Structures are given as structure tokens and as C-alpha cells.
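Some notes on the structure that comes next.
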Amino acid sequence: MQQFELFDPPSDAISSIVFSPISPIHLLVSSWDKTIKLYNAEENSLRGSYNHDAPVLDCCMSDETHVYSGGLDNCIKSFDINTHTGFIVGSHENAVKCVEYSIDNNLIISGSWDQTVRTWDVRDKDSQTGVYRMDNGGKVFAISLVSYRLVVATAARQFYIYDIRNMSEVLQSRESSLKFMTRCVKCMPNKEGYACSSIEGRVAVEFFDPSPEVQQRKYAFKCHRKMIDGIDTVYPVNALAFHPTHGTFASGGADGVVNIWDGVNKKRLRQYPQYPTSIASLDFNKDGQYLAIASSYTFEEGEKDHPPDSVFIRHISENECKPRHLAPPP
Amino acid sequence: MDVYSLINHDQCKPSNSPPPRTYQPSTSQEQANCLPEFSSFEHQKENILPLKQGRSSASLSRVFSSDPYSLGIDLQAGHAQFKAELENLNELDDPFDVYHRYIKWTMENYPQGQTPQSNLIQLLERASLSFINDSRYKSDPRYLRCWLQYASFVGKTKQLFDFLKVNEIGLNLAAYYEEYAELLESMERYHDAEEIFMSGINQKAQPLERLIRRYKQFKARLNLSRQGNIHDLGSSQTVVPHIDNSHRTILGLKTSASSTQSTPLNVFNQRNSTLPSITGSITYQHGHFDKNSEKFSVFHDPNGELGNTALVSAGNTSSWNNYGTEIANKKENIRDAEKWKGITLPQARKPCVPTDSKLKIYHDELRNEKMFVDLNIIYVDGIEFSFEELRAMTLKRQSTIPCNYDNRMCVDNVENNINELVSMNQILNDEPDLKTISPKKLTKKPSPTINTKAALADIMEFFSQPMNYEKSDDDTDEDDMTSVSKYDKLFTRKTPMNNIINDENIAPSNYSDHHGNFRMVPFEILTPIQETSREYRSNSNISIFQSDGFITLDLGSVIETPKSKNIEQYGDSLFKKPLELFSVPSNPCNPLEIRLIDQILSSLNPSLLQYPGFYDMRGEYSNNHTKLERIARNWDKNCRRRTSNATNLDEPIRLFNDSFLIRQKIGEGAYGKVYRVLDMKFVTESHKDPRASHALKLQIPSTAWEFYIIRKLHERIISPAINSIITAHSLYYYKDESYLLTELCSHGTIVDAVNIAKRENSTMDEILVIFFTVELLKIVEAIHEAGIIHGDIKADNCLLRLERTVEWDAQYDPLGAGGWSKKGIKLIDFGRAIDATLFPPDMKFIADWYCDDQNCVEMREGRPWKWQADYYGLAGVIHCMLHNEYMQIAPIRMDVDSFSSGATISTKKYKPIQSFKRYWQGNLWGRLFDMLLNPSLVRSDGRLPITQELNNIRREFEEYLIANCEKIGKELKAQLKRLEVNCEINYHG
């Protein structure tokens, strides 16, 4: 089967889906129904789950047994799947919007609407190891980590680039190339840069190297638009995900469409048939053979009826997300 | 594909079916003129399933142009409506009509035909199968058409027509024969087809003329093909006469590439020419067929159809009711789910071709662009709000979950833009300038004026109480119904309490002089009240500490809401186990009933797991109690470390990630045991950090109740009285044991203070007692205001709080200035406490434990009680201090009211037996004890609690203290200092 739907999905909107960094078949799903659920995508079964007391906005795994999550209860929770025990790593002053784990540094990184990014080391009892306030009153909307590079996207269209080994210093701070509110940011696996998306049907591809030659390569393109009644309707692009090996990336929009892009050759490789509702989150598994798609209404129109929230797992064939031909070396 | 065949202009009008539509021309004139543009659905033309009868262009246009989201809503509404109608089929004269309209609606609104959303096939299947035996529809053309439509999806087979025949469906309708014959013709069973036509005509199936016409057409086609074959001996085909072929036949040859018609291909000659042809009357030449004209070689099963006649004989009376469903019939087509492991999945090998042209790098914008999102909602006052924030705000308004999302900066503006509940708008309308108040400041001890009304509203939700409970008993004890509002002022939206460690510089001293081990004293001393051990068998292992959300703290609704629904919702979440559903606890109830406590703890919102310092170790056994006992035993009275055999006295106990060195046992009771421990984080080789000492209360079986109560107190009390409540640092909750880590006070209890006085052959000085009385009154006021009843106030549970202070004014200050805030009492042992806010205001309690003179009268007499338990306890402690003896009371009858009828109502009042010393403040004491022992007589309405009244008398005592604290020889400060020294416990090790 090329694509199937997960059994027993969460009962409310899905905020984030993340594959395990280690196992190619384990998928973590966090939801507004306050649960974090771990699935075996291959067998389409629920392996376990735990709860917060308020909707969960993000989750991540450090290894096969440890899951971290945060949400509207302002707390970051750590949960051990094998022993079914959990504890609170720490808390922010407002909702935790994003949680990432740095395997190299054994750090949990959390971003919150309280305008701070905090780092936590679970090996310490009092685990908070740093609080970093974002300038310009920036509520953290998205973060992405690759190796040592951390990109933080905040409100007011700001981006902050850090080296997580030394968080006290912002390496770079940039204004978004896009004119509207940032929805998502994801780093390229080759560590050269990142892609970000906004509510205005656009994706921008940027590079870390501040030298002018490299910066010249940055660009943005329009996507996730639909012609309706002669008017080009522009949808938010809620989700991005890079293929781990090909370097191509997927984008998911509130139009329910998932596109695969070749960022180097600047072409769209593929568009999948429309999903029942907005795409809330996307992730490739660690070897790029699965793409998980969270089809879950993302509240861009406020309170309304919508198709049920579900997660689709798409099997990615070898060439499906491959760039068409090798790009010339930069 | 010729698009215009899709449009039937006659159908350019809205149907008369009820489902909602987004496109509604109002007059029929307009309807006739409203020819939609083809371009409106041109882009989807491949997705339109062609229908024989054509499609309404209007509906096609509507379906493909309208906004998918509102269309989706309409469709869902339509489905719902039809489903509702289908519920009532049994009542209707023409139930099939519902299906008919539903099918029609579905076909119109889902031009693609079968999709997961349209479920067209299932619908057709259901409609068809439901009325097989219904005689009303045997000759109903709609019903037959339904079958035929269904068959067009699942496959028109002979079996279908046989089935219809057996069940006598459509046998009077021309359509049956037409379709059947068409099927047979496509199978080249011309003889059978002819037979079908004949039988239909004989049956006078309606409309008969049409049937006859069709038959004639059929015959003409047949003749044509025969003619063609006879002439076809190597020569090319001749031009055929005009044949009214309205459609191509299957496998038919087109006479030319552009022809829309075809002549049927005769395939018999190719393969089975030796067999007699079924048509019988026609002989075919074999062998010389034009090779170029054959397109396919079709296998003709020699044995297949022989013996089968087209018509099932009328004599076949076996009923055939089950046509099978599509799924059952297609079972070979459905692969069973197999294990994926080890299977190689087929991979597409073809290179993937980009489907789109190069991305246009944007620099400009199109004019006619429309943002899908409403920017007014996203950008308010220049601040961006993400979708998740908006959703969180909506949630917060809708539910009682104290969602911690808090963005007060522009909350009122944002909400004005979102058309939601307006109640919050009213609350927020008269806000102070929120922009100057950062959320941070709000969490620090705010006074009610700084608290925004939004916060108060949230807090109201915390403690929402049903206000309409009837007063069930005619007992004079009534609770204060308005006490809820009092709580509002005191509760803050605090962040959970930080672990506060008392910074005390305590010289080590001999703690084990405590508690009844005072052998040196000859005269009788007060021993701590020995409790009979309560067999507290708790199934605490089944406690669940998850909250299911949307639960207010009104226990009535907690218990009655369908929790099972929530559990199913969470599926097989491994953090939950099924709850025993409780009926609403009776009034009065036993507040310490195990299941009740479990239920309360499980339904906390936020849940216990959220409390910092709560370590959920329910998955593990600790089994450390013997070790604790063993090590502690080795610390003898004099705290000299006994070198013992195999006992490593420094073997720490590990709780979660923390390690503790075990020292002395400092308390024991029915509740469990209390040990002094050292937190190894603060223990170094050289230096004995005083911060290391803690008290660790071990309880078996595990309980989190005290932890909950203490935390709640710290949350709810904002006055300085909070320093008089013990602090709970953490709770390690294992399967078998629970460990409550609290601060350690090193000055003993009131019992010790009393004993010291006794030692000197006297009682505590009155001024000292007044001082502690004031403190105790403040504490009881505070905890009652917080809605908590301690339930076990006694001298053993009142620790002396005598902290070091830099400056200490000799003049007493009731507000705590000059160092007085560091002196007082610390109340401990909340294991029997009650959180009255969890119950209806008129709820009372009964004690199922042994009660004696130390318990209030109601408890002793088995009557319901509430706040008076604490008043009585308080009286007992004060009495203890005053008299060195436990209090005993006696009733005094007072004739209060006599009525004209001669009846008298007398009330009982209680008084302590011991009388006050003459030089004491008899008036004050008398009134105080009167109040504490007879609280229901304080107010004219007899309601409790009597916090205000106690407050008033407390102030009188304070006034006395202010005036008399510096009496020569009896200075309060000096006495306290002496107490500090005498009561100090020096711990060794």
C-alpha cells in the first residue's frame, strides 16, 4: 500500500508528528487532546501514550525510550516509555510551543510564547541550563536544529540563529524574507541553511553562511495557492520537512496539499492528492522511506467543523523524492 | 471527451431536495437563464463521472467552484439530513424515496462518483439490498434503476439479472430486458439476447414501444454483422447501411478512425469455429477473416455456457435473497493484511519526471490574490498571533480548564475580532492598562486590585461551586454560602511553588529528648497523644493522577460526568486505569474515605503530576522502610554514632534522582514515621551545610493527600500566615511507600514548650500563651479562609517557629515588623485535612475513627461536623499551654428562650472544666473558649465558619500583647528567647 492511515489517531487536532531519530518505524504524535502517542508506523499500531493536562504542542524523542513534550500547561515533560514514568523537566511562563532534542549535546531545547528559549539537561536534577530571551518581544513560533545549529523563528518575522554549544550569543539575527507571519522553519540536513514558510503561501530557502556569494543564493517561491473563482487564494504553509538524504523537502499547506520540492534545481517534484483537511505537520523518517502527514485542521479559520484529524503514512519510493538530476556543485 | 454530453440543460435547475446548497437562484426565470460557465468546472472535467442521463451543469459548476470548506460543510449537512431521514424508514409509505433522493443528491454533489466521502457504492448497495423483498418496489423503475446503477459499479453480470429475476424485480419494466439484452449482446450471446427481448415483449414490459424499438435496433445490428460476414471472404468490408447505433459495441470495429459507431466484431470464427455457434441459425465461414480487422482474440469457453440458458427457468423457486455485498463479492480482489516485515515492496523504476515547470522566483505580487486567512485576526495592534494561540484562547474561554496560556497584552482586542463568547469582553472592558503589566509581575504576591478580572474569572472557574444547594438539615450548623467569594480575593494565579529550603543555622542538639523519652523527669509530663494505629488499607495503587479535563472541582459533577467516555477517548493510554464510578458522596460523608481521596486526587486539575516536586514512581517499589528503620535505630538518644556491625550508617536512600543520608527518627504515629535526613546535595566532606537537614515522612501505604493539601495551602494563602504552614518540598510516590520531604524545624513542638515549663514546676507564662494563641488563631483563620480544615489540631502538631532574626524588637508588632514575623508556630501533619472547596458548601463530615476527649463534641457523639473540629483542637492546644493539662469540657445548660406557651428552648454550652487563674485575662479567655467550644452559638444564624468573629477577638489579644509585652520580668521577647534556647534540638550527624 502506498499510503495508509494510522489507526487510532488522536481525538483532536494534531499539533506535531515526529519520527524517531533512531528507529525508522516509530512515530510520535502530539495533539490538542492532551496526549502524546507513539505509533509503530510499520505495523500501524499504537505502542503507547501519555498525557499532559493541557493540549500538547510539540514532542520529540531523544532515543528509543525517552520522549519529551510541551504544551499549553507551560511544562516540558519527560516520559520514559519502558517504565511508563514521567516527570516534569521544567516550565516556562507561557505555553511551550516547540521542543527539540540535541543528541550531540544531551540537551532539550524548548521555545515558548513567553519569548524565551530554554535549554535543559535531564541529567541534572534542576535541569534548566539556560534561559534565552528573544529580542523584540518575539514569541517563539518554531525552532529547528541540525547538529549545532539552532534556528529560532519568532513572532514579528524574526529569525535567530544560535550555536547551541554557546547559547549566550546570537550568531545571527535576521528578518524573514517573507512578508507575513512565519509558520514553520526546518534546517537542511546538509547543514547549509534552512527553509521557512509563512501564512502567505510562500517558502523561503536561506543559507547560514553570511558571505555575500552564498547569501545571493537565497530565494523564495510561491506555493499552496488555488485558483478559486478566478482569484488566487493563498494558503498558509504550515509544515516543512526535509528528506534526510536527498535534500529535497516537503511542504504542507492549509489547502490540504503536500508538495515535494527540489530546492536546488528549484522545481516541484511531486504533488500528492489532496488530503481531507489542512496539513498540520510533516516528517520523513530517518531513512526517508516514510513520510508522515498530519491532516488536521489548523484553525486558520477559527472554530468550524472539519474532517476528522488523521495521520497518513506514505511510503516513499526510491526516486520519488529524488532530485531529477544532480545539481552542479555550488 | 465531448463535454457537452455531460450537460443536460433541462436539468439546469436546483432540485427540490432539502439539503443545503450554496447556490440558489431565486426565481424560475433566473433559473432558466442561469447557464453556468463551462470554465467553472472545466479544470475538473476528468473528474466527472459521466451519467447516462447527463448532469446538471449548474450543480457541476457549483460543486467545483465553491469554496471547498463551505461545500464540505454543506455536504456534511446533507449527509446528516439524509441519514436522519433514513432512521425513520419504517414509518414511511415510500421509504425508497429517501434513498432515491439521497442517491440523486450524492451523484450531483460528487461528480467523481465513488469517493470515500460520497460512499456512493455503499449507498447504492444499501438502497438496493434493503428492499429486495418489498413488494412495493418490484415494478418500480426507480428501484430497478438503483440496482442497475449499483451494478454499473460492481459489475453487470448475468448473475445480477438472474438475481433480479428470482426476486421478481423489474420484470414488468422494459429497462430490465433492455439492460439484460445489452449485456448479453456485449457477451456476443446474441441468441440469448434475442430471447430476452422476446420474453420482455411477451411480458408486455413497459414502456413497450421502447422495448420493441430497442429490439428492432438489436436485430438490425445482428443482420448487419451477418451480412458483413457473409460478404467477408477476403474482400474488404462494404459500406454498411445506416444503422441506428447509438453507441459503439464492445470490441466492435470502427469503420474508420473518426467514426463514432462501430460494427460488432465477430470473433467466433477465430477460435472455436468447430463448435456450433450459439446463435444457431447463422452459419459462419471460418478461416478467412481479415486479419487486420481482428483486434483481440477473445477466449470463448467451450464448456462455459453450454447448457446454460439465458433465462432461469420459471420453475426455479429457490429463493435467492442474498446478492452479497460488493466487498464480499470482491474478496479475491482484496489482499489480506500481511506482515510487512521482510516483504519487498515493489518500487517504481521509472524516473520521476517533474510535473511542474521551474519555480518562478517571486519579486512582484499578483493583483488578484486573496489571503485565505483573515489578517485582522492574526495581526492585532501590531502583534502577531499564531493559529495555535488563537485556538488556545478559544479553548480557554470555552472550558473550565485553567489553560495557562496568557497573553494579556492584547487579549481584549483579539477577542473583539473573533466572534466568540462575549462574556470575557465584558470582564475585560474595564481593565487597567494591561500593557504596563507584564505577566511576570502578576505572579508575585498580587493584591486583589492588581489581579485582572480575567484572572479572577479563571480562579472562579477553579473553585466554581454550585450555589443552589438546599439546606438539608435543620441543625443550627449552617455553612456560609458566600464563603466562595471570599476565596476569590485570596487566590492567586501563582506559578507552582518553588522549593523553599529554610535557611536555618541550627546548632546541633539533642533532638531525641523528645516525645516521651524523658526519663530524667520524675513528675508527670504531657506525653504526645498516642494514636491507635488506623488500618488504612488503601488501594492507592489504583489511584490515577490524571485529570480528564473539563472537570470543575464540584465533586458532584466530577463523579457524574461520564469518565468512561474520556477513558475510551484516550484509548489504551498506559497512564490510565479504569476508575470506579462513585455516586455523589452522601452528606455527611467520611472525608478520609479511601476511595473518596483517590477520586479527588485523580481528578485534580491541574493533576498532581504537574506539581513540581511530585515524583511519580508508581511503577516501582521502594521497599526502603526496613532500611530506614535499621539505620535510624542506630542513632541513639545522645546521637552518638554507635559503631555497629554490618550497618553502614551512611548508606543513602535513593529516591528518584535524589539521595539522602538517614539520621534519626523524629516522629512516629499511625500515619507513618518521620525521619531526619540529609539531602546529599548539600553534604560535603568538610562542611555540614544546615540546609541539608530535612524531615522525611514515610507512609505505608503511599498517600499523596498531605502533599496535596500542603501545596494547596501554599497556593491559596498569600498572607504572611503562609510561613506558619509547613513546606512540602517533594513527594516521592512509589507503589508501596510514599516519602514526603518537608522542611525541618528544630525547636520542637508546643508539647516541648509545655514540658519545659513543667520541668520548672510551673506553667507557661500567660503572655507567652497569648502570643502563641494569636499565632494559632491567625493560622486557623488563614487555613479556613483557604477552605481547608486541618482536622487534627493538637499540641504535637504545632511546631515552634523560632527562627533567627537579625534584629528583634522588644516591642511586639502584630504585623511582624521588627523581627516578629520570624516567631510563631508552624503547623504540621495535614494527613487528616479536608479541602472543603471540593464539596458543596453545606457538606458535613463524620469521623469513622476513634474519638475521645481530644476530639470535638460532634465527633465524639457521632454527629456531623465541619469547621468546629479545628476550633475544638485550637481550644485544646491553648488549654494545654495554659494549664499544662489536656482539656476536658463539661456542658452547661442555659435556659435561653421561654415562650408564651410555656415551652422553653435550652441550649447546651460547653466550657472547660478547669477555671482560669484569677490574674489572667479571664474575660478574654472566657470569650475565646466560649467561641471555640460553641461556635454555632456565636452567630445569630449559627453559621460557620466564624472566622470574622475569631478575627475580632484575636485583635483584642493582640492589643493586649502590644500593651503588655514589655512587663518587667515577663518580657515576651525574653521568654521567647529562653524558649528558643531551651527547646533547641541539636542534631548530631
Side-chain angles (χ1 to χ4, degrees), chain A residues 8 11 34-35 42 46 48-51 53-55 57 72-75 83-88 93-95 97 113 125 141 155-156 181 199-200 219-222 228-236 254 266-271 298-303 305 315 317-320 322 324, chain B residues 65 67 69 72-73 76 340 345 347-348 351-352 354-356 358-362 366 368-373 377-378 383-384 386-392 394-395 401 403-407 418 439-440 546-547 549 569-575 605-607 610 612 615-617 619 657-658:
Chain A
D8 199 10
S11 53
K34 304 181 224 157
T35 66
E42 201 169 70
L46 179 65
S49 78
Y50 67 100
N51 290 31
D53 280 327
L57 296 181
L72 293 186
D73 55 10
N74 302 2
C75 297
T83 65
H84 305 144
T85 52
F87 64 94
I88 295 180
E93 285 168 39
N94 207 320
K97 176 65 175 58
W113 292 339
K125 164 95 188 298
F141 285 164
M181 181 166 79
I199 57 172
E200 192 240 348
Y219 64 93
F221 60 91
K222 291 196 235 184
I228 296 180
D229 291 334
I231 305 276
D232 202 14
T233 306
V234 177
Y235 291 87
K266 303 201 178 71
K267 289 192 199 297
R268 183 170 72 181
L269 295 174
R270 216 162 257 274
Q271 180 176 59
T298 43
F299 215 74
E300 55 273 4
E301 285 185 292
E303 209 43 59
D305 285 332
H315 180 75
S317 57
E318 196 188 295
N319 291 321
E320 200 170 319
K322 216 177 194 175
R324 193 163 159 243
Chain B
S65 338
D67 161 37
Y69 292 81
I73 293 174
Q76 271 183 329
W340 283 49
L345 290 162
Q347 305 270 4
C352 76
T355 53
D356 211 348
K358 231 171 136 83
L359 307 169
K360 274 205 285 265
I361 312 295
Y362 97 100
L366 286 172
N368 51 340
E369 238 180 40
K370 180 194 117 167
M371 287 282 282
F372 186 68
V373 296
I377 295 177
I378 307 295
I383 295 185
E384 288 181 352
S386 59
F387 304 139
E388 290 78 17
E389 288 172 283
L390 299 175
R391 195 197 287 253
T394 312
L395 256 192
I401 285 185
C403 175
N404 283 330
Y405 172 67
D406 176 1
N407 194 321
I418 302 175
K440 246 187 169 170
Q546 288 296 332
S547 93
Q569 182 185 329
Y570 291 136
D572 52 341
S573 156
L574 299 169
F575 231 49
N605 192 1
S607 98
Q610 297 272 77
Y615 296 104
D616 178 16
M617 319 291 297
N657 284 342
D658 304 318

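All figures in this text were calculated on a predicted structure; none of them were measured in a lab. The sequence lines fix the lettering, A, B, ..., with proteins before strands; numbering per chain opens at 1. All values below come from the heavy atoms of this structure, side chains included, with hydrogens, waters and symmetry mates left out.
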Gap separating the CD atom of A/Glu303 from the CG atom of B/Leu395, nearest 0.5 angstrom: 8.0 Å
Where B/Phe372 and A/Thr233 come nearest, the two heavy atoms and their spacing: CD1-CG2, 3.9 Å
Spatial distance of atom CG (A/Leu57) from atom CZ (B/Arg391) [nearest 0.5 Å]: 10.0 Å
A/Tyr235 portion near chain B, given a 4.5 angstrom heavy-atom threshold: both
Interatomic distance, B/Asp616 atom CG to A/Ile88 atom CD1 [nearest 0.5 angstrom]: 10.5 Å
From A/Asp53 atom CG to B/Gln610 atom CD, the distance as rounded to the nearest 0.5 Å: 4.0 Å
CG on A/Leu72 to CD on B/Glu388, rounded to 0.5 Å: 9.5 Å
Spacing of A/Phe87 atom CZ and B/Asn657 atom CG [to the nearest 0.5 Å]: 6.5 Å
side-chain contact (heavy atoms from CB on, under 4.5 Å) evaluation trace for A/Phe141 with B/Glu389: CA-CA 10 Å; A/Phe141 285 164; B/Glu389 288 172 283; 3.3 Å; yes
